[in-house]
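Please read the structure below before turning to the comments.
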2 protein chains.
Amino acid sequence: MTTTIKDVANLAGVSVATVSRVINDRGYVHADTRKKVEDAVKALNFSPNEVARSLYTRKSKLIGLLLPDIANPYFPQLARGVEDGMQEQDFRLIFGNSDEDERKEQDYIQTFIQNNVMGVISSTNYPHSPIYENLKIPVVFLDRTSLDSPSVYADGREGGRLAAREIIKRGSCRITVMQGPSHIRPAQDRFEGAIEIIRDAGLDYRVIQTTSFSFNEAGLWAEELFSKHSDTDGVIASNDIAAMAVLHEALRIGRKVPDDVQIIGFDDIPMSSILSPGLSTIRQPAYEMGRKAAGLLIGLVEQAPIENKNIQLPVEFIERGTTRKVSTNG
Amino acid sequence: MTTTIKDVANLAGVSVATVSRVINDRGYVHADTRKKVEDAVKALNFSPNEVARSLYTRKSKLIGLLLPDIANPYFPQLARGVEDGMQEQDFRLIFGNSDEDERKEQDYIQTFIQNNVMGVISSTNYPHSPIYENLKIPVVFLDRTSLDSPSVYADGREGGRLAAREIIKRGSCRITVMQGPSHIRPAQDRFEGAIEIIRDAGLDYRVIQTTSFSFNEAGLWAEELFSKHSDTDGVIASNDIAAMAVLHEALRIGRKVPDDVQIIGFDDIPMSSILSPGLSTIRQPAYEMGRKAAGLLIGLVEQAPIENKNIQLPVEFIERGTTRKVSTNG
DNA sequence: CCTCTATGTGTAACCGGTTACAGATATTAA
DNA sequence: TTAATATCTGTAACCGGTTACACATAGAGG
C-alpha cells in the first residue's frame, strides 16, 4: 500500500535499522550506504509513518490548542500566532473550541493525550482544575493567568486602569463600565482595573453586567446601557465587539461620538481601525502573544532552560476617533 | 507510566484480547467478564492509546483542515462550523493555515497523511493539483469549487449578479467593481457575476484590482478607488473587509453613504451588522457551509451512500444602511 | 603483530493496541 | 447420546517504526 521503511530497506539493500539511522541522522552510517538509502527514499517518495514513530517514542510533532471560540474575533489572531510559531518548528496543531466549558476542555485534553501531543496551549478559566494539574505534559496558559504555571497574557488590570485614566483625562465623568462575563478572568481584571482608577479619581460610575462576548447579545446590552444610564458620557467596554455595539447604538439614538459620549474598547481587533469613527481601544498584542506561547511551549517540550515562565505583554492605548483629543496642557 | 490495556487485563484477570473486545464492543464476551473489565477500566481510569490503535487499524479520529488564513474574519466561521460538525461525531481537527500557498498546502497534506487522518477539508485554489488528485483519502473542498470532487460552496457568481442587480435597482450607474485577488476563484466568480449584469444593463463600470484580502492593504485600495474613480456612485466590493475600508474612506472624504455612494460587500461577516451605517452585503452561510462540509466528509469516510457530492448553498442579499431603499414601484 | 577503539550494520525486542485462529465449554438439535 | 453449533477466552502475529545489543571490520598506537 503506502511505502514503508521496509520497502526502502529492500530497495537500498540494507536493514530497516540502517534506514532508520539515515532518516534520523543518528549513529554510524557509511557515506556510501547513506547515499543508497537516500536514493531509495527519493525513488519511493518515502516519508515515515508518524503514528508508528510516535507509538514507540511516545513523542510526536503535535500539540493541542484549546481556545474558547474561534468565531470570536479576538482568538483567530492568537491562533494564527500560535500556528506560525509552531509551524516554524514543524509542530502541528490539534485544535478545539472549548466554549469556556470545563467539560468540553476535559474531553479535548483527553483526546490530546490519546494522540500523544507533546504539549498543550489553553485559554482556560480553570487553570487549577485537575484536568491541568494532573497533566504530565507541559501546558502554557494563553490569555489567561496562572502565576504558578507557564502562561502568556496581557496585563488586563493595567489595561483597565489605562482605559479609565485616558477616558477621565479626556473629560468623561459619568462613566459606565461594562463588566464582562463573570467567569472570564481577563474580563474581570479589566473591570477591576477600571473601577480602581475611577474610584480613586472620586468619580461615580455605573456598571452594565454582560454574560457573554457574543455578537448577537452585544446589541442588547448596548441598548440596556443607554436606557438605564442615559446620562452617561463615557463607556469603557468589555471588549471591542461590545464597544462597537455601543458605538452603533449611540449613533442610532443620536448621540455624538466622541462629543457626547466617549467609548473605549479592549483588544484592538483588526476591525477597530476600519470603523467610522475609528475605535479607541486598549490594544493587546494578540498575534505576538500566540507566538510567545508557541515559543514557550516548545522550550518546555524540549526542556530548554527557561528564564521566564510567565510572560506578560504590555497593553497600549490606541487613540482613534471615539475619544476626544486631550487638551495640550493636560 | 500511563495505564495500558495490559494493566486493565491484569486487574480484571483476563487477557488483553478480552479487554479489547469489551472496549470495542465486538465479538463474544460473557456478561460477568464484561462487568469485571468495565470495573477495571473505571478503577484505572483507562482510555486507549489512539496512536497504537491507529497504527494497526490505519484509522483514526482525526481529520485535516486547511484554510487560507484563520485571521481573515470569514474563515473562523467556516472553521467553527467544521469543528462543531466534527466534534459531534467525535472527530478532531488538525488545523493549518495555507496562505493560499501551494507549497504550504503540500506540506500540511503530507503531515496529515503521516498522522493517519481519515479525510481532509481544504479551501484551496488548486483542487486539481497532484497533491489532491493522488490522495487516497476523501477530500472535501470548502468554499472552493471542483465539480468533479466533493465540495461545499456558495454560489459566488450568482452572488456577484445579485450585488449588481440590487445596486443598479437602487440607482447606481457609475459602478466601481473591486476585483479580488486573481488567484482566488470565489473572488473571480463574484467579479464575473457582477460585470455580467452591469454589462447586460448597458452600464459602464470601472475596476479596481486588489491582490489580497488583508486589512492593511484594504485601506490603500479604498483610497485608490476614490482617487481614480472619484465620480463613482456605487461600489461592489470583493468582500466585507474591502467594503468596510471603502465605507471608511468614503466617509473620511465626505461622501454621503448611501446617498452619494452605495456600497455592497460580500460574506456578511458578523461585524457587518454592527457598523454604522450597517453594511449591505451578499451573505454566504459560512457556518452552515462548514457544518455541511463536515457532514459530507464524515459520510465519505464512512462510505455512506452520498446523494450529492457538490453542495451549493444559496447566497442572499442583506439590506442594511449602505444601500438606498428601493422605490416601492421598482 | 597485537590490542584497543572507532566505525558500520543487522537481528530482534519493543511501543500498545487489534484480530485471526485455536481450543474449551455450553447449548441445541436430532 | 451424539453431533453440530454457539458462546467465550487466550495466544500470538501484526501495524511501522526505533533502538539495545551483538558482531564484524578497519584504523591507530605501541
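Chain letters run A, B, ... following the sequence lines, proteins first, then strands; residues in each count from 1. Treat the numbers as computed from the prediction; the structure is a model and nothing was measured.
Straight-line distance from the CD1 atom of A:Ile23 to the C1' atom of D:dG17: 8 Å, rounded to whole Å. When the C1' atom of D:dC15 is taken as reference, atom CG of A:Asp7 falls 14 Å away, rounded to whole Å. Taking atom OH of B:Tyr56 as the reference point, atom P of D:dG16 lies 10 Å away to the nearest angstrom. Between the CD atom of B:Glu50 and the C1' atom of C:dT18 there is a distance of 12 Å, rounded to whole Å. The CG atom of B:Asn115 sits 20 Å away from the P atom of D:dC15 (whole-angstrom rounding). Summarising the geometry, the separation between NZ on A:Lys59 and P on D:dG17 is reported as 19 Å, rounded to the nearest angstrom. Across the protein-nucleic acid pair, A:Arg53 atom CZ and D:dC15 atom P stand 19 Å apart, rounded to whole Å. Across the protein-nucleic acid pair, A:Arg26 atom CZ and C:dT7 atom P stand 18 Å apart, rounded to whole Å.
When each of D:dT18, C:dC15, D:dG16 is scored by its nearest atom to the side-chain atoms of B:Arg58, the top-ranked nucleotide is D:dG16. Closest contact between the side chain of B:Leu55 and the listed nucleotides D:dT18, D:dC15, C:dT19 involves D:dC15.
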For residues 36-46 of chain B, run the donor-acceptor check on the side chains, cut-off 3.5 Å, and write out each pair with its distance to 0.1 Å, sequence neighbours left out.
from	atom 1	to	atom 2	distance (Å)
B:Asp39	OD1	B:Lys35	NZ	3.3
B:Asp39	OD2	B:Lys35	NZ	2.9

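Residue pairs meeting the salt bridge (charged side-chain N to carboxylate O under 4.0 Å, His left out) criterion with at least one partner in residues 287-308 of chain B, sequence neighbours excluded, are B:Glu88-B:Arg291, B:Glu288-B:Lys292. Sorted by first and then second residue, the side-chain hydrogen bond (donor to acceptor under 3.5 Å, both in side chains) pairs with a member in residues 59-73 of chain B read A:Arg80-B:Asp69; sequence neighbours excluded. Listed by first then second residue, pairs satisfying ring pair (Phe, Tyr, Trp, His ring centres under 6.0 Å) with a partner in residues 124-151 of chain B read B:Tyr132-B:Phe141, not counting sequence neighbours.
Fit an axis to the five pairs at each end of the helix from C:dC1-D:dG30 to C:dA30-D:dT1 and the two axes sit 40° apart, to the nearest 10 degrees.
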Next on the checklist: Base contacts versus sugar-phosphate-only contacts with protein, heavy atoms under 4.0 Å: please encode nucleotides 24-29 of chain D as B, S and - from 5' to 3'.
Outcome noted: ------
Checklist entry - Yes or no on side-chain contact (heavy atoms from CB on, under 4.5 Å) for B:Phe91 and B:Ile298, after CA distance, side-chain angles and deciding distance? => result CA-CA 9 Å; B:Phe91 281 90; B:Ile298 290 173; 4.1 Å; yes
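B:Ile113 meets the side chain to side chain contact (heavy atoms under 4.5 Å, CB included) test with B:Ile109, B:Leu135; sequence neighbours excluded. For the side-chain hydrogen bond (donor to acceptor under 3.5 Å, both in side chains) test, residues two or more places apart in sequence or in another chain that qualify with B:Asp25 are B:Arg34. Residues passing the side-chain hydrogen bond (donor to acceptor under 3.5 Å, both in side chains) test with B:Asn10: none are found, sequence neighbours excluded. Contacts of A:Gln77 classified as side chain to side chain contact (heavy atoms under 4.5 Å, CB included), with partners at least two apart in sequence or in another chain: A:Ile269, A:Pro270, A:Ala286.
Counting non-hydrogen atoms of neighbouring residues, nucleotides and ligands closer than 6.0 angstrom, the CD atom of A:Glu133 exceeds 12 such neighbours.
Two residues are said to be in side-chain contact when any heavy atoms from C-beta on lie closer than 4.5 Å; B:Glu83 and B:Phe95 fail this criterion. Counting heavy atoms from C-beta on, the side chains of A:Asp143 and A:Met289 come closer than 4.5 Å.
Shown for residues 35-49 of chain B: residues whose heavy atoms fall under 4.0 angstrom of DNA chain C, namely B:Phe46, B:Pro48, B:Asn49.
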Restricting to nitrogen or oxygen on both sides, can you table the protein-nucleotides 6-12 of chain D pairs closer than 3.5 Å?
from	atom 1	to	atom 2	distance (Å)
D:dT7	OP2	B:Tyr28	OH	2.2
D:dC8	OP1	B:His30	ND1	3.4
D:dT9	OP1	B:Thr33	OG1	2.3
D:dT9	OP2	B:His30	N	2.8
D:dT9	OP2	B:Thr33	OG1	3.1
D:dG10	OP2	B:Ser15	N	2.9
D:dG10	OP2	B:Ser15	OG	3.1
D:dG10	OP2	B:Thr18	OG1	2.8
D:dG10	N7	B:Arg21	NH2	3.3
D:dG10	O6	B:Arg21	NH2	2.4

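Among the protein residues, A:Ser20 comes within range of the nucleic acid bases, having at least one heavy atom under 4.0 Å from a base atom.
Comment: B:Arg92 does not engage B:Glu50 in a salt bridge, judged by the lack of any side-chain N to carboxylate O separation of less than 4.0 angstrom. A:Glu105 has no carboxylate O lying under 4.0 Å from a charged side-chain N of A:Arg144, or vice versa, which leaves the two without a salt bridge.
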